[in-house]
Structure formats: C-alpha cells, structure tokens
Amino acid sequence: MQENLIIGAMGHIDHGKTSLIAALNGFWGDSFEQEKERGITLDLSFSNLSREDKNISFIDVPGHEKLVKNMIAGAFGIDYAMLLVAANEGIMPQTLEHLRIAYLLGITDFIVVLSKTDLVDCARIEQVKEQVKELFEKFPNLRFEILQCSIYDKQSIQNLQETLFALPKKAHKDLGFFRYYIDRAFVIKGAGCVVSGTLMDGDLSVGEKIWCAQLGRVLGIKNLQVHGESQTIAPNGARVAINLSGVSHQEIKRGDLLTKKGYLRGFDSIEVEIRAFEKIEHNAQVQLFIGAMRCDARVLFLDANKKFATLKTTIPIFGMFDEKFILRDDKQTLGGGRILSSIVDPMKKSQKLEYLEMLSKGDFKGAFTLLLQAHKRGFGLISSVQRFGISQTMGLRIASEIPQCFVCQKELIAYPKKAREIVKEAILKVLSKNPNALLSATLLSQKQSWIAEEFAKSVLEEMLDEGALNKADSFYISPQNNLGLNGENTQKVEDYFYHTIYQTLQSQGFQPIAPYNLYDNLDIDRQTGDSMFKRLTREKKIVRLNHKLFICSDVLANLLERMRKIIEQEGYLDLGNFKQHFNLSRKYLIAYLDYLDSFGDIVNTDGKRTFR
C-alpha cells in the first residue's frame, strides 16, 4: 500500500497556488465556470501526485478573504502546509491569516514556496525571504523551509517535487475507530451519494456500517476510492471518497461527521483552551469551525486571563479531547484553540478550572481524580477516547492507580469511595424495609442501574467482612433476619424462594401480581425469581397465561369451573357478564377468557363463549 501525505496549498489570492499544482501534477483545480471566468479558486480542490510507493494528495484552498470558511474546511487533517508567497508581492493579509489558521490547527511543518520568481530580481527574492523569516518568528515551534519557484522554470518545479517526496510520513493516532469530516457531498449517476474527506483515527472497509452523527443513523459503504482508485480498505490519514448507501446527497452536508456508532456523544457545550489573535469579549457571538463543520457559538470565559472558556453552540458538537478549532467573526479569524473537555461535567467553577488546567498539561491522573469527586456514582471509562484521546485500556490503567477508586473492568466504570458509601446506604435501606431480604449483586444492579454487579459484589463482601451482613448460599442477609436459613444448607435458600413465591401467588387468588413486581416487593433478583417461576410451572403448581400473568393451578381450576357455570346458567360468557360476576380489571378478564378459548368444547362467536 502506498505511503500517503496530505499537503495543503495555501496563501494569498493570486499568489499562484492553482497554477503551481497544475505545474506539479497537470491538474487544473478551478473546475467551476465562475472560477475559470474570475481566475480564482472558490472552493476546495483535490488532486494527487504519485511516485512508486508514495502518493501526495494536494488540497488547494481558496485564498480570497471572503472564502476563508472554505479554506478552513480544507486545512483540517493535512500533514504539511505549502504556503505560497508571490515574490513580486511578498507577505499579504491572507498569507498571515492562513498561517494563523494552520498554526491554530496544529500544523507544524511548512514548505514556503516563493512563487513568480521570474518576475523579480535576486535582491527582491532575498528581501521576501527575510519577510518570511520574520513572520515565522512570531509563531514558536513552527518548522519551515523556503524554496524559490516559477511555473516557467522546470528545474524549480522538479526541485519542489523532490522536496515534497522527501517529506517523512506523519504519524496518525489510531484510537480504534475512525472519524471522517465530510468536506464535499455530491451525486454520481448510477452510484448515488458520494462524499469526500480526510480519514482520521482509523481505517475504513467496504461493507462496513458507519454512523452519521448529525443524522443519527447507520449508513453503508458501497465503494471506496483512494486517489481515484477503488479500494476495499482505506488507510488512516488518506483522502477518501465514499459511495454511501442509506442516504441521499441532499440529506448530508459539508461538516457532517462519519464515525463508529457508540464512540462519540454530541453536546451543545464544550470546554476549551483559547489562543486569541484578536480581542474576544466575554459572551461574544462567533463562528466555530471544527473539521469541515461550521456553526454559531457563544464564548463564555471561565478565567480572568481568558485562557479557558465554555463554547455554547447552536448544534451538538461530537468533539474529542485536543481537537483543534477556529473562531471567526464575519470579517476575520479571531483565534482558535483546542477542545479540553468535550463532555461537560457538573463541577464548581474552581474545580472546573483546576480540571481544565490538568487537561491542558496532559495530567490525566489528576483529571480522573477530579472527575471521581464530581461523579459520586462513578463515571464510564468507555468515554476515555472522547474525554482524553486515550484508549479504554489506558483509561482503566490510570483509574486503577488512583487510591480508593474501584475499577470495574467488565463494565468499564470507575467508582470513587463516595459511591461505596451510597451503595451501603441503599443496602441498609432495603433491609430496614424488609429484614428478610436476600440480597445479591444482581438485585442491587437491577434496582439502580448505575451500580455494576462487580462493584455491588465488592460492597456486599466488604459488609460481610464487617459483620453487617451474613451469608446464606450465594445471598447476603441481615443478621436480624428471621428466615431460619443455614448458610451451609444451600437447598433451604431455594426452598424459601420457592415457597414464598408460591404462597404469595396463592394469597392473591384471581389477581396475581406480575413477576417483576413480585420480585421488587420481595427483593429478589430477576434471575433467581425467573428460575423459581420456571420450577413452579414445570411442576404444574402454577400456569402461565401470558408473559406477565402466572396463576396457581388450583385457583385457575376453581375459576374455570365458575366460568363454565356462568355459561350453563346464562347461556354464554363474555366480557360484560364476566365483569358482573368477578370485579377484576380487563387485563385479567381478557386473559382468562382467552385461556377458556383453548378448550375444545368452547366456541367463541364475536366475543361470546358458548358450549359446542
């Protein structure tokens, strides 16, 4: 498989980006009639240049100040920036703005091409080089190389090609699932909806089911094209065209996110670290750009230095930790930054600022500790990828290093010490209402869904060690119970459940309680309760009429005898006269009438039961 680089060609309008790419690979990017007429690139243009086992994908972004929104959509996901500066004009407004945007997006490596060198002398070229060096001094940690070039000088084009092919492959994070911002959506006759974009954080395969976050639905992949060639697998970091099934090109738009279902949640608030180039007021309305997505947002600063802020957005943002963004108003790029907390947590302001500072420094252990303080009932480590940009395995490891944190490996949940106290209180509350309750980890998890069975088991075992509970078979009981159960005799516990359920159903006669309600009343977990109902049914002690209605066999036999007597005396039985004799709710009456229909000597004519 070819090694792939994505290079974004950027710079001021008319500094020669489109012409240079055409000189490099023969592709003229201005495909729209209005682009050709006006001589400017209005939207993103994509092309590539291959040599042996290496491919360079070019994204030609528009240079006009009014089209910066399109430029930003193309700048996400690129490996290197090719910044063009026309030697006859030098540094211009969009040169600076494009460099700012690239810097904010985390692009660190630049090939600065001094274009149109055929129009100036050597002194001018040296002067512009100095301008470029001075410009880059304002942006720490950026690496750059300056090349002179003219589309009329074949050697300069050849030198640029050699430089580009010598660039090393950039490492891309692979978090176990993919993300893909759509930057174009269109229809191809006979194929249907096709989208293009840069594949981030994972690979894609034909036939794979993918999730459109904005539509909230599953889509299919009919075909993949990488650099114009059909592929069964598209690699991480490549420019990919996807032929989608299950959607029309009219339903999908630039900025929509394709990903794996279940990995990312959307929120209309994100907490961020901001780097501003222009003044941004508290509560300012701005345009937010993430990937190829754009929406309106409100900036709510959290500190006096205006380093941290909450962005309130008009649409849900399916963001990730450390994902870069741009902020603009109608005229200019104000700044940008990176997402720190894509899942906003309930915290006091001081605690939140401490949390964001830890995330800013990459102190995930400290951030985990603060999250445990904020989430007294624990928080899910399944969100580690979205919260911290780390794998779930790494999330488990970090959580396990925190003192008094219980890590549920199976359910991927981290519980603080406070959660253990809450579970103990819940157990004592159950026992205060029902001293004879037979507790299990399954029961506690069913009563409160946030309690994982693994965690419940550890709390029950701790209370057993403390003498707050006794053990009977696999169940935990109050020392004050009067069940007379011997923990060494496992049969007695089962017999207790068996007789208790049967006696309860007997006492309820014609109106037996539904199984799950009975389990709640008796504090029995569903698995144990279901096994007892199956045993009673197998032994013909009870009869199942439907999934919610079980009645004792002798009670049902008595009821059937009385129903038949009504037919003998009144000539028929229907809902009306049945109700007169038995003041039961419709759910019972209908179930019993339906059961009567199963007998061969009964005829049901429009709801009236008679003998044959």
Side-chain angles (χ1 to χ4, degrees), residues 426-449 451 453 456 472-478 480-485 491-564 566 573 575-576 578-599:
I427 291 170
L428 294 174
K429 188 175 181 179
V430 169
L431 294 177
S432 68
K433 290 183 177 180
N434 180 11
N436 292 334
L438 279 84
L439 303 174
S440 66
T442 303
L443 174 65
L444 295 176
S445 183
Q446 288 170 358
K447 280 183 173 294
Q448 298 192 47
S449 59
I451 306 175
E453 287 191 34
D473 188 11
S474 61
F475 298 92
Y476 300 82
I477 58 177
S478 168
Q480 287 74 45
N481 80 86
N482 55 16
L483 299 173
L485 295 173
Q491 187 61 36
K492 280 192 174 182
V493 175
E494 185 176 332
D495 287 346
Y496 166 77
F497 284 129
Y498 178 87
H499 293 301
T500 300
I501 289 174
Y502 182 67
Q503 289 166 7
T504 302
L505 293 175
Q506 275 281 0
S507 68
Q508 291 167 343
F510 302 142
Q511 300 181 82
I513 190 172
Y516 287 175
N517 293 332
L518 176 59
Y519 303 162
D520 287 341
N521 290 348
L522 297 177
D523 294 308
I524 299 173
D525 69 80
R526 291 175 185 176
Q527 185 177 352
T528 301
D530 287 349
S531 67
M532 293 301 103
F533 268 83
K534 287 176 182 177
R535 178 181 166 187
L536 287 164
T537 303
R538 189 170 58 248
E539 294 176 2
K540 295 184 169 38
K541 292 285 190 74
I542 62 176
V543 177
R544 179 179 180 174
L545 300 186
N546 58 49
H547 71 288
K548 288 185 178 180
L549 180 55
F550 292 78
I551 185 171
C552 292
S553 299
D554 55 350
V555 174
L556 179 60
N558 175 263
L559 177 64
L560 289 172
E561 183 180 344
R562 293 170 67 177
M563 291 169 73
R564 289 175 175 276
I566 295 172
L573 178 66
L575 200 57
F578 195 11
K579 177 76 172 174
Q580 291 174 359
H581 288 273
F582 293 87
N583 188 25
L584 303 174
S585 67
R586 283 177 61 88
K587 71 174 182 179
Y588 290 114
L589 295 173
I590 291 172
Y592 296 142
L593 287 170
D594 288 346
Y595 185 71
L596 184 64
D597 290 341
S598 66
F599 291 88

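- Leu589 contributes atom CG, which lies 5.5 Å from atom CZ of Phe578 (distance to the nearest 0.5 angstrom).
- Using a 4.5 Å heavy-atom cutoff, the side chains of Phe550 and Ile501 are not in contact.
- Between the side chain of Lys579 and the main chain of Leu584, a donor-acceptor pair closer than 3.5 Å is present.
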Would you check, one step at a time, whether the test side-chain contact (heavy atoms from CB on, under 4.5 Å) holds for Arg586 with Leu575? CA-CA 8 Å; Arg586 283 177 61 88; Leu575 200 57; 3.0 Å; yes
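- Taking the six-membered ring for Trp, Tyr595 and Tyr592 have ring centres at least 6.0 Å apart.
- In this structure, the side chains of Tyr519 and Gln446 stay at 4.5 Å or more apart for every pair of heavy atoms.
- Not one N or O on the side chain of Thr500 forms a donor-acceptor pair closer than 3.5 Å with the backbone of Phe497.
- Ser531 contributes atom OG, which lies 9.0 Å from atom CZ of Arg538 (distance to the nearest 0.5 angstrom).
- Asp594 is listed as a side-chain neighbour of Asp597, based on a closest heavy-atom distance under 4.5 Å.
- Within the 4.5 Å cutoff, no side-chain heavy atoms of Glu494 are placed close to those of Asp473.
- Atoms CD1 and CG, on Ile513 and Asn521 in that order, are 4.5 Å from each other to the nearest 0.5 Å.
- Using a 4.5 Å cut-off on side-chain heavy atoms (C-beta onward), Asn481 and Leu438 make no contact.
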Would Leu505 and Phe533 count as a side-chain contact (heavy atoms from CB on, under 4.5 Å) here? Give the steps. CA-CA 11 Å; Leu505 293 175; Phe533 268 83; 4.0 Å; yes
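- With a 4.5 Å cut-off on side-chain heavy atoms, Arg564 and Leu573 do not count as touching.
- To the nearest 0.5 angstrom, Leu549 atom CG is 12.0 Å from Ile590 atom CD1.
- Side chain of Tyr588 to main chain of Pro512: a donor-acceptor pair is present (N/O by atom type, distance under 3.5 Å, no hydrogens or angles).
- Within the 4.5 Å cutoff, side-chain heavy atoms of Ile427 are placed close to those of Leu431.
- For the residue pair Tyr498 and Glu539, a side-chain donor N or O sits within less than 3.5 Å of a side-chain acceptor on the partner.
- Atom CD in Gln506 sits 10.5 Å away from atom CD1 in Ile542 (nearest 0.5 Å).
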Using side-chain contact (heavy atoms from CB on, under 4.5 Å), reason through Met532 and Ile524 one step at a time and then give a plain yes or no. CA-CA 11 Å; Met532 293 301 103; Ile524 299 173; over 6 Å; no
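- Outside the 6.0 Å centre-distance limit, the rings of Phe475 and Tyr496 are not counted as a close aromatic pair.
- Judged as a side chain to side chain donor-acceptor pair (under 3.5 Å), the pairs with a partner in residues 434-445 (not counting sequence neighbours) are, in order, Asn434-Asp523, Asn436-Asn482, Ser440-Asp525, Thr442-Glu453.
- Interatomic distance, Ile551 CD1 to Gln511 CD, rounded to the nearest 0.5 Å: 10.0 Å.
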